[in-house]
Amino acid sequence: MPKSALTGSRIREHRLMRGIKQADLARSIGISASYLNLIEHNRRRIGGKTLRALSEVLKIDASTLTQGAERAVVTELQDAAASDSEVAVELDQIDDLVARFPGWAAKITAQHRRLRALEQTMGGLNDRLTHDPVLSEKMHEVLSTVSAIRSTASILVGTPDLGTDWQARFHSNIDTESRRLAESSASMASHLDRLSRRDTGRATPLEAVFAAFDGRGHHLAELEEGADPAELADKLPVLDSAEARSLARRYFETYRADARAMPLAEFEAAAQDAHLDPAALAGQFGVPLEAVFRRLASLPRSATLPDIGLVTCDASGALLVRKSPSGLALPWFGAGCPLWPLFAALSSPGVPLRRVVETEDGAQFVAMALAHPSGPLRFDRPPVYHATMLLVAQDDQSHTNTLPVGSSCRVCTRDDCDARREPTVLGRGQSQGLLTTGGNRS
């Protein structure tokens with residue numbers, strides 16, 4: 001079922017969540033209850049004035065009703081289905097599940113994300129144990145001492161006529177090495193205990209920071225008012241590890257610096273006047289273009305602003321910032337779509353790129369990307385570049401020369417994509433409602 005066909009289901013779900021009767025909602029927007037009933041059962045399309053009136057009464061963005069704020073949830077459910085190919089999953093009904101039972105859908109995706117995070121944590125612990133220099137040194141000491149004791153004991157057992165003086169010397173060596181073995185073992189046990197007590201958190205530190213921003217809609221009112229980034233990081237429950245809090249402080253400091261350079265009220269008015277033109281805003285406030293990208297993405301949602309997303313990556317392609325706009329889910333795990341202008345910008349540092357991109361669902365976004373140095377330029381080492389991409393949703397969807405993109409190869413079904421690096425998990429069996437794991441058939 002196309003996402004656009006689920007608008008009625010979303011309207012009904014939000015109406016029930018707010019305890020509004022169907023007749024009362026119909027009366028408040030000037031239509032009959034029978035017509036609203038047809039809309040809610042996806043038997044009548046809706047748009048324009050009626051859609052805006054419904055969004056105002058339900059106190060929700062119109063884009064959330066039409067495109068669904070749950071695009072990221074749908075993508076994660078698809079990824080969760082792919083993680084267990086032995087269980088048949090009705091992939092063609094995922095959109096309906098998310099629209100009708102958003103709580104269950106969120107619960108499933110949260111558990112899937114939790115499992116993936118635990119897998120990464122276990123992988124990190126395994127890597128830490130494998131490459132821990134202290135543990136390696138202690139283990140080497142233990143093995144060397146055991147070898148020395150065994151060698152000495154073998155000499156004593158194999159040489160029964162050994163002189164008294166030599167026996168005393170070998171007994172002394174065994175005593176010395178035994179004490180050394182006990183000390184090395186105790187030291188190794190202490191080190192392992194410290195590792196076990198270290199706060200590893202519920203996810204990787206970066207994912208915890210993503211969750212902190214997502215939970216606030218990427219608008220941090222405390223920092224807008226000048227709060228201390230360290231204090232905010234310490235009080236957010238989702239930042240449940242020392243590493244996550246340390247990383248969040250750096251992100252929060254950047255947010256506060258942007259807020260000070262571009263005060264909210266002044267910037268909102270300027271953004272409206274400039275029609276969200278980042279270049280004009282960068283010139284007006286005297287800040288880098290990437291700072292304007294971040295600031296636009298941090299604006300609070302409103303009826304006068306389009307949906308805005310933001311992505312930042314480093315030169316390896318790893319995502320460092322992710323704010324998903326409705327209609328384009330950004331992956332939590334793995335890499336994104338190779339066709340994003342975000343990655344093309346890395347090949348031309350300092351050159352702004354602008355393309356209109358289109359998702360599989362037909363949602364269109366103006367994508368503006370720029371690669372920029374992540375720190376001060378120096379003569380003694382090459383610069384390290386980050387790329388930042390701003391995504392601005394287009395309401396009219398009228399652009400014809402668009403760049404087809406997706407979220408990631410795993411959940412993209414485009415048949416003729418030359419950039420595909422792995423088969424999609426959404427095979428042809430999707431039309432029968434079953435997960436297939438065939439080859440690169442998209």
Side-chain angles (χ1 to χ4, degrees), residues 83 111 113-212 229-231 233-251 253 314-316 318 320 333-334 374-375 378-382 384:
S83 65
Q111 289 180 338
R113 192 182 303 164
R114 168 75 166 150
L115 288 173
R116 292 292 297 269
L118 288 174
E119 289 173 358
Q120 291 194 358
T121 299
M122 290 300 297
L125 290 174
N126 180 67
D127 185 68
R128 180 186 296 172
L129 291 175
T130 302
H131 302 288
D132 190 321
V134 176
L135 187 61
S136 298
E137 179 183 353
K138 299 300 179 185
M139 183 63 71
H140 178 72
E141 288 181 4
V142 169
L143 294 176
S144 298
T145 306
V146 169
S147 298
I149 294 174
R150 180 179 180 181
S151 176
T152 304
S154 297
I155 294 174
L156 287 172
V157 172
T159 314
D161 56 348
L162 194 64
T164 304
D165 291 342
W166 280 104
Q167 287 184 6
R169 184 178 301 177
F170 281 125
H171 286 150
S172 175
N173 289 343
I174 290 177
D175 178 70
T176 301
E177 295 298 337
S178 297
R179 293 177 184 275
R180 180 184 172 194
L181 176 61
E183 293 174 357
S184 298
S185 300
S187 178
M188 184 169 64
S190 176
H191 181 67
L192 289 172
D193 182 64
R194 286 194 297 272
L195 288 179
S196 68
R197 295 175 183 274
R198 185 174 296 177
D199 189 4
T200 57
R202 294 178 299 179
T204 64
L206 185 58
E207 289 155 11
V209 174
F210 287 169
E231 292 180 359
D234 290 340
K235 78 175 187 179
L236 293 182
V238 70
L239 302 172
D240 58 354
S241 72
E243 293 86 353
R245 288 188 290 272
S246 176
L247 185 61
R249 291 186 195 107
R250 290 163 46 192
Y251 279 75
E253 286 168 359
D314 61 16
S316 71
L320 306 177
F333 305 97
S374 63
R378 300 176 56 171
F379 288 104
D380 58 343
R381 64 187 63 175
V384 175

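For this chain, numbers begin at 1 and follow the sequence in order.
- A heavy-atom distance below 4.5 Å is found between the side chains of Leu247 and Arg250.
- Looking at Leu206 and Tyr251, their side chains come closer than 4.5 Å, going by heavy atoms from C-beta outward.
- Annotation: the span from Ser185 atom OG to Met139 atom CE amounts to 9.0 Å, rounded to 0.5 Å.
- Looking at every heavy atom in both residues, Leu239 comes nearest to Ala208 through CD2-O, 3.7 Å.
- At a threshold of 4.0 Å, the pair Asp165-Arg169 does not count as salt-bridged, since none of the basic side-chain nitrogens sits closer than that to a carboxylate oxygen.
- Rounded to the nearest 0.5 angstrom, Glu141 CD and Thr145 OG1 are separated by 7.0 Å.
- Looking only at side-chain heavy atoms (C-beta outward), Asp314 and Val384 stay at 4.5 Å or farther from each other.
- For the pair Arg249/Asp234, a side-chain contact is recorded, criterion being any heavy-atom separation below 4.5 Å from C-beta on.
- Not one N or O on the side chain of Ser172 forms a donor-acceptor pair closer than 3.5 Å with the backbone of Ala168.
- The closest donor-acceptor contact from the side chain of Thr152 to the backbone of Ala148 lies under 3.5 Å.
- Side-chain atoms of Leu162 and Phe170, non-hydrogen and from C-beta on, do get closer than 4.5 Å to each other.
- Between Leu181 and Val142, the shortest heavy-atom distance links the atoms CD1-CG1, 3.8 Å.
- Ala248 and Ala233 make their closest contact through CB-CB, 4.2 Å (heavy atoms, listed as atom of the first residue, atom of the second, distance).
- Interatomic distance, OG of Ser144 versus CD1 of Ile149, reported as 11.0 Å (0.5 Å rounding).
- Of the charged side-chain nitrogens involved, at least one lies within less than 4.0 Å of a carboxylate oxygen, so that Arg180 and Glu177 count as a salt-bridged pair.
- The shortest side-chain heavy-atom distance between Ser147 and Arg150 does not fall under the 4.5 Å cut-off.
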